[in-house]
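Below is one structure, written out as structure tokens, with a few remarks after it.
By convention in this document, chain letters (A, B, ...) are assigned in the order of the sequence lines, proteins followed by strands, and residues within each chain are numbered from 1.
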2 protein chains.
Amino acid sequence: MNVSDLEQRRNKILGLIIEAYVVTASPVGSEYVAKKLRSSLSSATIRNIMVDLEEAGFLHQPHTSAGRVPTDRGYRYYVDAVMDPRHLGPEQMRQMELMLQPTELDVDQLLERAGAALSELTQQAAFVVAPTVKQSTVKQIELVPLSVRRILCVLIANEEMIASHVVEIQEPMTKDEATALARFINTEMAGLSFGDLLDSLERRMLAQNDSFYHLVKRSLNILQHALSTEPNERLFVEGMNYVVAQPEFRRDSRKAHTLLKSLDEEHELLARLHHDLGVGGVRMRIGREIQMPGLEECSYVTTPFAIGEDMVGGVGVLGPKRMDYPHIRSCVEGMARCITELLTRWEGN
Amino acid sequence: MNVSDLEQRRNKILGLIIEAYVVTASPVGSEYVAKKLRSSLSSATIRNIMVDLEEAGFLHQPHTSAGRVPTDRGYRYYVDAVMDPRHLGPEQMRQMELMLQPTELDVDQLLERAGAALSELTQQAAFVVAPTVKQSTVKQIELVPLSVRRILCVLIANEEMIASHVVEIQEPMTKDEATALARFINTEMAGLSFGDLLDSLERRMLAQNDSFYHLVKRSLNILQHALSTEPNERLFVEGMNYVVAQPEFRRDSRKAHTLLKSLDEEHELLARLHHDLGVGGVRMRIGREIQMPGLEECSYVTTPFAIGEDMVGGVGVLGPKRMDYPHIRSCVEGMARCITELLTRWEGN
DNA sequence: CGTTAGCACTCAACTATACAGAGTGCTAAC
DNA sequence: GTTAGCACTCTGTATAGTTGAGTGCTAACG
């Protein structure tokens with residue numbers, strides 16, 4: 001038997017142990033694995049292999065006479081090299097789309113429903129990182145004078161993502177001036193995000209010889225105020241009840257307490273998710289890899305969604321480390337595809 | 001000793017039992033109460049009174065040889081007739097205002113922070129029912145044609161509460177027509193809420209002889225679409241971690257599960273809160289009085305806040321029935337006053 | 001009649017002990 | 001490299017005994 005065969009067998013056994021542990025939540029013994037392998041190996045041999053896996057840091061023994069439990073490294077190796085990725089069939093995709101019932105909804109409502117559906121589907125908590133205008137590309141800007149010194153600045157990223165802010169201005173502005181200013185911004189800055197638009201205008205402010213200096217200055221002033229209270233992105237979390245119902249949190253309910261507390265501090269999690277989503281594709285973080293106090297017992301699976309080609313947000317599932325990674329991965333992936341499709345179709349018409 | 005004296009003594013003892021139970025979370029015995037009363041009565045007498053209180057339905061005995069625990073009715077009687085209402089001093093109010101740090105915030109962010117502060121302060125979950133434009137009074141409506149068949153409808157309730165929606169229209173509309181239509185709506189309908197505005201327009205549609213029939217029809221068409229995806233109100237919940245950390249939920253963690261699950265169904269709770277806030281003033285609901293499955297072990301204290309004279313939303317605290325009602329009541333009341341003041345001051349300038 | 005001391009009684013909660021069973025590591029044989 | 005066999009370890013559970021907080025009742029007292 002060559003090395004590769006041995007390794008494959010080891011992987012197989014690690015997979016069986018993890019998959020059993022995921023459903024039972026209690027240590028897995030050699031006898032059980034031997035039975036699963038239909039006696040192609042005896043429990044004694046399995047035990048030898050389990051010792052190897054423990055030495056490799058993939059398994060852990062709670063106490064001498066107990067079965068084995070996967071470690072963070074074990075899960076990591078499993079998702080990277082062992083589990084076979086499942087994919088949703090077209091029928092399941094259709095069902096998922098149906099769950100969203102995208103009639104008469106704006107983007108926020110669609111995403112909220114997507115979170116709820118994903119949570120229901122996976123029986124874990126689901127989260128959505130929702131886009132706001134700030135990081136979207138400028139489609140159109142409208143300036144409407146409300147009174148002599150107050151102007152309404154409307155930022156349009158697409159049909160369904162609009163933000164409006166009233167801005168106080170120093171010098172009065174006529175309706176025509178406002179129209180001209182808006183046209184200036186629209187034509188000059190198409191294709192940038194609102195955030196980048198600000199940067200670009202700031203740079204032009206510094207290059208004082210710009211022939212549109214005055215227009216630039218006014219635009220910048222108004223946009224800065226308009227965007228100042230606009231968040232970069234928002235986070236919805238749905239279905240935490242499923243997570244606290246898991247045995248790891250029921251046994252020790254202070255874990256549930258700290259978990260919920262950590263989630264109330266959205267900013268930290270958002271930063272982490274932002275990074276993961278930036279990489280693109282499905283990302284999984286397991287236990288300590290999340291590097292957030294209170295989430296040591298958890299894992300998440302997340303992937304970005306897009307409008308057209310632009311990655312604008314992300315969806316994911318959060319649960320105990322002991323989660324059904326293949327299933328959850330396929331659900332998250334499918335949901336992101338589904339959202340991307342709907343948003344893109346929407347954007348199109 | 002006359003009847004009133006006896007009743008007062010009974011109340012006093014009920015109060016002591018509840019206040020002890022609130023901090024210890026375990027049944028209260030006669031000995032403890034006697035000690036608290038500095039031996040003005042013996043434990044035997046207390047026991048007799050406790051039997052009365054139990055027969056009145058205010059107390060319950062988990063088992064023969066245990067102390068007493070308050071019932072829902074007991075808490076109700078306590079908050080109605082026994083507890084002395086505390087109020088926040090001016091110093092505490094000032095501190096609360098400081099916690100909100102109302103600089104560079106829009107209404108939503110202010111309210112979210114208010115929820116967080118209230119949760120921190122009471123060490124329970126806090127919620128905010130936040131206003132949306134839909135139920136606010138119309139301050140101004142702007143219509144901006146974006147293209148031949150698409151019009152941007154901006155609904156302004158006040159500086160910080162604005163909603164914008166793109167509406168597809170059947171017949172093309174010029175810029176001047178849009179301006180005229182907006183002016184029509186603004187002058188005719190000032191003082192109504194956006195919801196009522198719709199109703200009013202609908203009524204005028206039916207009275208076909210209205211001289212502005214055409215304007216009414218167009219307005220209605222546009223506003224209906226603009227408001228169709230706008231929710232009536234939103235609910236923020238902050239700090240559920242404090243609640244699940246309470247012993248009643250730690251002992252039986254399926255209670256925590258069902259509690260969180262019930263809260264995910266926002267609509268039901270919102271309806272109930274809407275009713276309570278409509279009454280005005282501080283409202284308290286205890287246990288089953290909430291009439292929501294999953295919240296039997298909880299109570300909430302809620303009170304509306306206003307902009308000027310208009311009640312536009314509410315804040316409250318949700319926790320286990322075993323909560324410090326006087327303290328929480330004063331915090332909720334103070335926070336609502338604080339929010340009202342800030343929003344009203346804001347509106348003014 | 002309200003109050004109180006005294007006392008027997010009850011029941012949850014804790015402790016100690018024994019025991020069954022699941023699972024391991026090791027050894028010797030194949 | 002694999003396996004049967006076996007002694008060993010440790011948890012979880014069941015059982016019984018003990019403790020102690022708290023009650024209800026009764027009889028006596030002012």
Specify the separation, in whole Å, of atom CZ of Arg251(B) and atom P of dA12(C). 15 Å
Nearest to the side chain of Arg9(B), heavy atoms from C-beta on, is which of dG24(D), dT2(D), dT3(C)? dT3(C)
Need one value for Ser30(B): base, sugar-phosphate or nothing, where a base atom within 4.0 Å counts as base even if backbone is also close, heavy atoms only. sugar-phosphate
Whichever of Thr64(B) and Ser42(B) has its nearest DNA chain C nucleotide further upstream toward 5': Ser42(B)
Applying the Watson-Crick and G-U wobble criteria at under 3.5 Å, what pairs with dC30(C)? Answer none if nothing qualifies. dG1(D)
Take atom CD1 of Ile17(A) and atom C1' of dT24(C), then tell me their distance rounded to the nearest Å. 13 Å
Round to a whole Å and report the spacing from CG of Leu37(B) to P of dT4(C). 11 Å
Expressed as a whole number of angstroms, how long is the span from Glu31(A):CD to dG25(C):C1'? 15 Å
Does Arg47(B) put a side-chain nitrogen or oxygen below 4.0 Å from OP1 or OP2 of dA5(C)? no
Let's test this: given Watson-Crick or G-U wobble pairing with both distances under 3.5 Å, identify the partner of dC10(D). dG21(C)
For the backbone of Leu16(A) and the side chain of Glu19(A), can you confirm whether one donor and one acceptor N or O come within less than 3.5 Å of each other? no
Take Ser43(A) and Arg68(B), find for each the nucleotide of DNA chain D with the closest heavy atom, and name the residue whose nucleotide sits nearer the 5' end. Ser43(A)
Please give, in whole Å, the distance from dT23(D) C1' to Leu53(B) CG? 15 Å
Between Asn48(B) (CG) and dC25(D) (C1'), how many Å, whole number? 10 Å
Does one side chain, of Arg250(B) or Ser253(A), offer a donor that lies under 3.5 Å from an acceptor on the other? yes
What's the closest nucleotide to the Leu41(B) side chain, out of dA12(C), dT3(C), dC25(D)? dT3(C)
Between Tyr75(B) and Tyr325(B), is the gap from one ring center to the other below 6.0 Å? yes
Under a 3.5 Å cutoff, is there a donor and acceptor pairing between the side chains of Arg285(B) and Gln291(B)? no
Residues Asp52(B), Arg10(B): salt bridge by 4.0 Å N-O rule: no
Position toward the 5' end of DNA chain C (nearest nucleotide), Tyr32(A) or Ala44(A): Tyr32(A)
By the Watson-Crick or G-U definition, both distances under 3.5 Å, dA28(D) is matched with dT3(C)
What I want to check is whether an N or O donor and acceptor connect the side chain of Ser65(A) with the base of dT24(C) at under 3.5 Å. no
If you check the His63(A) side chain, which of dT24(C), dT23(D), dT11(D) turns out closest? dT11(D)
dT3(D) phosphate, OP1 or OP2, under 4.0 Å from Thr45(A) side-chain N/O: yes
Once you round it to whole Å, what is the distance between P of dG24(D) and CG of Leu59(B)? 11 Å
Whole Å only: how far is the NE2 atom of His60(B) from the P atom of dG22(D)? 16 Å
Basic-acidic side-chain contact under 4.0 Å: Arg68(A), Glu54(A): yes
Would you classify Gln61(A) as touching base, sugar-phosphate or nothing, given that sugar-phosphate means primed atoms plus P, OP1 and OP2, and contacts are heavy atoms under 4.0 Å? sugar-phosphate
